[in-house]
2 protein chains.
Amino acid sequence: MTGAAKGAAGRPELSRGKVLQKALELADAGGIAALSIRSLAQSIGTKPMSLYYYVANKEEILDGLVDLVFAEISTPQAGSEWKEQMRRRAHSAREVLRRHPWAIGLLESRKAPGPETLKHHEATLATLREGGFTVEQTARAYSLLDSYIYGFALQEAGLPISGGEPMAQVAAPIMERFATGEYPYLVEIATQVVMQPDYDYGNEFGYGLELILEALQPASAA
Amino acid sequence: MTGAAKGAAGRPELSRGKVLQKALELADAGGIAALSIRSLAQSIGTKPMSLYYYVANKEEILDGLVDLVFAEISTPQAGSEWKEQMRRRAHSAREVLRRHPWAIGLLESRKAPGPETLKHHEATLATLREGGFTVEQTARAYSLLDSYIYGFALQEAGLPISGGEPMAQVAAPIMERFATGEYPYLVEIATQVVMQPDYDYGNEFGYGLELILEALQPASAA
DNA sequence: TCCACTTTCGTACACTGTACTGTAGCGTCT
DNA sequence: AGACGCTACAGTACAGTGTACGAAAGTGGA
């Protein structure tokens with residue numbers, strides 16, 4: 001009927017891109033645990049073993065996912081004001097990692113960086129170098145900025161839901177168990193900050209970012 | 001002969017602590033993927049299903065592991081100089097996470113913090129508060145510091161080996177593929193910084209940490 | 001017509017976490 | 001003394017995982 005026949009040459013039905021795209025959707029919908037070869041094949045409308053024609057193994061799918069995620073982060077443009085570029089990049093990266101929280105844990109074990117990942121790093125390095133940073137300063141600044149971004153995303157991902165207002169409702173029952181007074185400072189920060197109705201942890205990102213950007217500066221003698 | 005009989009009351013052979021301890025060793029030895037219920041049972045010298053008397057499910061084991069890791073981080077002491085205490089804590093945390101890199105990815109999905117984790121957070125909060133930070137300042141400072149620590153550990157874990165000198169040897173073959181000139185700045189930083197024989201990424205941790213500690217300060221008007 | 005190549009898939013295997021059930025030995029109570 | 005129950009451990013079985021191996025169906029070219 002519709003598609004091509006069972007095992008045919010000519011126009012293939014699948015493609016590596018289609019596989020990775022669907023894998024991304026599955027991971028976004030149900031976390032990385034929901035991404036199995038079988039569930040992926042089914043959601044594509046094919047059979048498990050068919051995927052292995054486009055992908056060597058699951059690890060390669062995960063590599064591809066990480067590269068897809070990096071591709072979503074807005075690329076800085078060298079030549080412009082480095083500080084503003086880094087600010088844009090940082091906010092974009094945080095937002096992307098909030099949409100794909102499962103990607104953070106994947107970073108720990110990835111070995112082979114994809115082309116989009118390399119392109120992104122190259123553009124960021126270029127912006128810093130052409131902004132006046134020496135090679136060594138660039139390495140340190142980049143490490144500092146990315147550490148902060150990844151770490152913040154990691155903490156944000158660990159939060160119960162992180163979607164607007166439910167913060168207070170989620171934290172309340174947990175806090176009741178601390179009425180014993182064992183953890184006074186935890187209770188203090190929970191009640192006076194975290195559980196405030198309009199509190200959103202995501203807003204704290206800007207504070208740390210600005211503090212870092214303010215302290216960073218190119219050149220000058222050692 | 002030696003141990004107690006098969007299914008006896010009285011002195012039990014296993015314990016929750018023993019299970020978690022062995023699980024930690026297994027994870028350290030072969031990564032989190034090497035930690036299966038069956039491999040864990042075998043390394044303890046018991047049978048898979050016996051573990052479930054002390055632990056509800058594998059998730060609870062992972063929760064316990066994270067708590068064990070937190071317990072290894074040196075606890076700051078309130079009342080002393082907050083900056084020095086935070087410095088000690090940060091370096092300790094990084095060192096612990098370098099020994100247990102699999103724990104970083106676990107942080108993303110943990111829901112229930114263990115008692116050691118809570119104790120650690122309480123002590124850190126106490127140090128900042130008694131160091132003169134307001135509640136809001138404490139929240140922000142803590143978020144900033146931990147983001148940097150976790151993020152740095154995450155990046156360090158993603159590195160090929162990170163064990164002294166092999167940095168240059170590992171990076172060299174990868175870099176050869178970039179002789180095309182597609183990624184000039186990546187090549188520059190790789191050859192002039194990362195692949196230098198005495199370069200150790202871990203040393204960069206102190207730079208970012210000091211920059212952050214320098215910029216942090218309690219009180220003062222807004 | 002026939003071959004070779006591309007693309008898809010069926011079967012099978014070793015492995016995972018764990019629900020359910022069984023049972024051996026001990027302490028306690030009557 | 002006898003019975004009970006509770007603690008600690010384990011056997012079996014099941015649905016799920018990634019994937020090695022090989023078969024097969026269709027297309028394009030000779």
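Below, chains carry the letters A, B, ... as their sequence lines are ordered, and counting in each starts from 1. As the structure is a prediction and not an experimental result, all values here were calculated from the model.
Classified by interplanar angle (parallel below 30°, tilted 30° to 60°, perpendicular above 60°), the ring pair A:His91/A:Phe205 is perpendicular.
When the nearest nucleotides of DNA chain D are assigned to B:Gly45 and A:Asn57 by heavy-atom distance, the more 5′-ward of the two goes with B:Gly45.
Residue A:Lys47 contributes atom NZ, which lies 20 Å from atom P of D:dT19 at whole-angstrom precision. Following rounding to the nearest Å, A:Ile37 (CD1) and C:dT8 (P) show an atom-to-atom distance of 15 Å. To the nearest angstrom, P of D:dA10 lies 8 Å from CG of B:Leu14. Spacing between atom CD of A:Glu60 and atom P of D:dG18 amounts to 15 Å, rounded to whole angstrom units. As a whole-Å value, the separation of A:Leu40 CG from D:dT17 C1' is 14 Å. In this entry the distance linking CG of A:Leu51 with C1' of C:dC9 reads 11 Å, nearest Å. Put simply, CG on A:Leu26 is 15 Å from C1' on D:dT17, counting in whole angstrom units. Atom CD1 of B:Ile44 and atom P of D:dA10 are 11 Å apart (whole Å).
Under 3.5 Å, the side chain of A:Arg38 and the base of D:dG18 form at least one donor-acceptor pair of N or O atoms.
The phosphate of C:dC9 has OP1 or OP2 within less than 4.0 Å of a side-chain N or O from A:Ser50. For B:Tyr53, no side-chain nitrogen or oxygen approaches OP1 or OP2 of D:dC9 to under 4.0 Å.
In summary, the aromatic rings of B:Phe70 and B:His121 are positioned with their centroids under 6.0 Å apart.
Residues A:Lys119 and A:Glu122 are not paired through a salt bridge, judged by the lack of any N-O separation under 4.0 Å between the basic side chain and the carboxylate. Between A:Glu95 and A:Arg98 there is no salt bridge, since no side-chain nitrogen of the basic residue lies less than 4.0 Å from a carboxylate oxygen of the acidic one.
Looking at A:Leu65, A:Asp28, A:Ile32 one by one, the single match for side-chain contact (heavy atoms from CB on, under 4.5 Å) with A:His100 turns out to be A:Asp28.
The side chain of A:Met49 has D:dA20 as its nearest neighbour among C:dG17, D:dG11, D:dA20.
Note on B:Tyr54: only backbone sugar-phosphate atoms sit closer than 4.0 angstrom, heavy atoms only; bases stay farther off. Nucleic acid contact for A:Ser36: sugar-phosphate only, since backbone atoms but no base atoms lie under 4.0 Å from a heavy atom of the residue.
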